[in-house]
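Since the structure comes first, as structure tokens, the remarks are kept for the end.
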Amino acid sequence: MLRVVVMVSGGGTNLQAVIDGVTNGTITNTEIVGVISNNKNAYALERAKNHDIPARCISPKDFPSREEFNRELLAGVDAYQPDLIVLAGFLVVIPEEMIQKYRNRIINIHPSLIPAFCGTGYYGLKVHEAALSRGVKVVGATVHFVDEGTDTGPIILQKAVNVEQGDTPEMLQRRVMEQAEWIIMPRAIDLIANGKVTVQDGRTIVEI
Ligand code: GAR
């Protein structure tokens, strides 16, 4: 069984998609062993509790320095002994020590087709605002491994979504979640849990 820790900051709809995937068998060979939020008010924490998944908040606000927060975050993750760390809308920069320790064992969902609309400053609704303001006709989502850069790690899965006339950033965000994120995140976890994803020369080989 792949032991998965999910890290969240907000609503947790991607966490819910992963919980549902494990429950309904879309994701096989996987157990969600813990949820960590940096935000004590994140609804994602409620979702974890509703499914009896151990959950805790580790907030930078509760530590005198970033170093101490980073140390506690890594210790909190380590305590669950995960095989895979899933960043599901986790909006905190991952400490470098964690990236090194869990090389190719941390995945992130980003709400665009990387390399478009990604990197520093592109997160959440801002991604969809930028896509609409550029006038692109196709957007989407990406699941990738996390490396030291921002949204630069090896890409595992991507899925495209059409922009429609009259879309607001909120409408587009919802469609990207429904048609891409909630599908490719569970799918990527299932592929990893079944040994179907390897990394070679900074790129993935995915056996679909
Ligand atoms: C999702 O759209 C996810 O792709 C995005 O935050 C949202 C979290 O929603 N992540 C990023 O922008 C990371 N750069 P959720 O809490 O409902 O899953």
Side-chain angles (χ1 to χ4, degrees), residues 4-23 26-27 32 34-51 53 55-59 73 84-95 98-99 106-134 136 138-161 163 167-189:
V4 172
V5 164
V6 184
M7 301 180 75
V8 295
S9 298
T13 63
N14 279 284
L15 167 65
Q16 190 66 54
V18 177
I19 294 171
D20 293 347
V22 170
T23 307
T26 321
I27 305 176
I32 306 171
V35 169
I36 294 176
S37 171
N38 63 302
N39 165 13
K40 69 173 172 13
N41 297 316
Y43 185 65
L45 286 171
E46 293 302 313
R47 295 182 191 270
K49 280 175 203 149
N50 290 341
H51 291 84
I53 299 167
R56 61 178 292 208
C57 170
I58 304 175
S59 167
L73 192 64
L84 182 71
I85 299 165
V86 172
L87 308 184
F90 188 63
L91 301 180
V92 169
V93 175
I94 299 297
M98 193 185 297
I99 295 171
I106 309 176
I107 64 172
N108 178 50
I109 180 92
H110 183 75
S112 78
L113 293 173
I114 290 174
F117 308 114
C118 65
T120 308
Y122 287 102
Y123 58 89
L125 214 50
K126 289 180 191 293
V127 174
H128 306 289
E129 286 165 359
L132 287 178
S133 109
R134 182 62 185 85
V136 295
V138 178
V139 292
T142 303
V143 180
H144 63 93
F145 285 113
V146 171
D147 67 7
E148 282 78 357
T150 307
D151 304 325
T152 53
I155 291 169
I156 303 166
L157 292 176
Q158 295 188 296
K159 192 166 186 297
V161 173
V163 178
D167 268 347
T168 63
E170 289 79 7
M171 288 159 72
L172 191 56
Q173 179 180 50
R174 181 76 193 179
R175 191 175 317 113
V176 168
M177 284 176 159
E178 283 175 357
Q179 295 184 8
E181 296 186 41
W182 302 341
I183 297 164
I184 61 173
M185 179 57 116
R187 180 101 185 93
I189 296 171

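Side chains included, hydrogens not; waters and symmetry mates left out as well; all remaining heavy atoms used. Read the numbers this way: they start at 1 and go in the same order the structure lists the ligands and their atoms. Throughout, residue positions are numbered sequentially from 1 according to the sequence presented.
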Check the pair His51 / Ile32 against side chain to side chain contact (heavy atoms under 4.5 Å, CB included), numbers first and verdict last.
CA-CA 10 Å; His51 291 84; Ile32 306 171; over 6 Å; no
Side chain Gln158, main chain Ile114, donor-acceptor under 3.5 Å:
yes
Where does Gln173 meet ligand 1, judged by heavy-atom distances below 4.0 Å: at the side chain, the backbone, both, or neither?
neither
Of all protein heavy atoms, the one nearest atom 11 (C) of ligand 1 is Pro111 CD, 3.6 Å
Looking only at protein heavy atoms, which one is nearest to atom 9 (O) of ligand 1, and what is the separation?
Met177 CE, 3.4 Å
Between the side chain of Asn108 and the main-chain N/O of His144, is any donor-acceptor distance below 3.5 Å?
no
Has Lys49 got a side-chain atom pairing as donor or acceptor with Ala55's backbone, closer than 3.5 angstrom?
no
Can you tell me if Thr142 uses its side chain to pair, donor with acceptor, with the backbone of Ser112 under 3.5 Å?
yes
Among all protein non-hydrogen atoms, which one is nearest to atom 4 (O) of ligand 1, and what is the separation to 0.1 Å?
Glu181 OE1, 2.8 Å
Pair Ser9-Asn39, side chain to side chain donor-acceptor pair (under 3.5 Å): steps then yes or no:
CA-CA 6 Å; Ser9 298; Asn39 165 13; over 6 Å; no
At what distance is the nearest protein heavy atom to atom 16 (O) of ligand 1, and which residue and atom is it?
Gly12 N, 2.7 Å
Mark yes or no for whether His110, through its side chain, and Phe117, through its backbone, hold a donor-acceptor pair below 3.5 Å.
yes
Starting from atom 17 (O) of ligand 1, what is the nearest protein heavy atom, named by residue and atom, and what distance separates them?
Thr13 OG1, 2.6 Å
Using a strict 4.0 Å cut-off to heavy atoms of Tyr123, name the atoms of ligand 1 that fall inside it.
12 (O), 14 (N)
Considering non-hydrogen atoms of the protein only, which is the closest contact for atom 6 (O) of ligand 1, and what is the distance?
Gly89 CA, 3.8 Å
Which protein non-hydrogen atom lies closest to atom 14 (N) of ligand 1, naming both residue and atom, and how far is it?
His110 ND1, 3.3 Å
If you measure every N/O of Asp151 against every N/O of ligand 1, is any gap under 3.5 Å?
no
If you measure from each heavy atom of Ala44 to ligand 1, is any distance below 4.0 Å?
no
Could you tell me whether the side chain of Arg47 and the main chain of Gly11 form a donor-acceptor pair under 3.5 Å?
yes
For atom 13 (C) of ligand 1, the protein heavy atom that lies nearest, with its residue and separation
Ile109 O, 3.8 Å
Polar atom proximity, Gly124 to ligand 1 (N or O, under 3.5 Å)
yes
Spell out, as yes or no, whether a donor-acceptor pair under 3.5 Å connects the side chain of Ser37 to the backbone of Ala42.
no
Using a 3.5 Å cut-off on N or O atoms only, is Gly10 in polar contact with ligand 1?
no
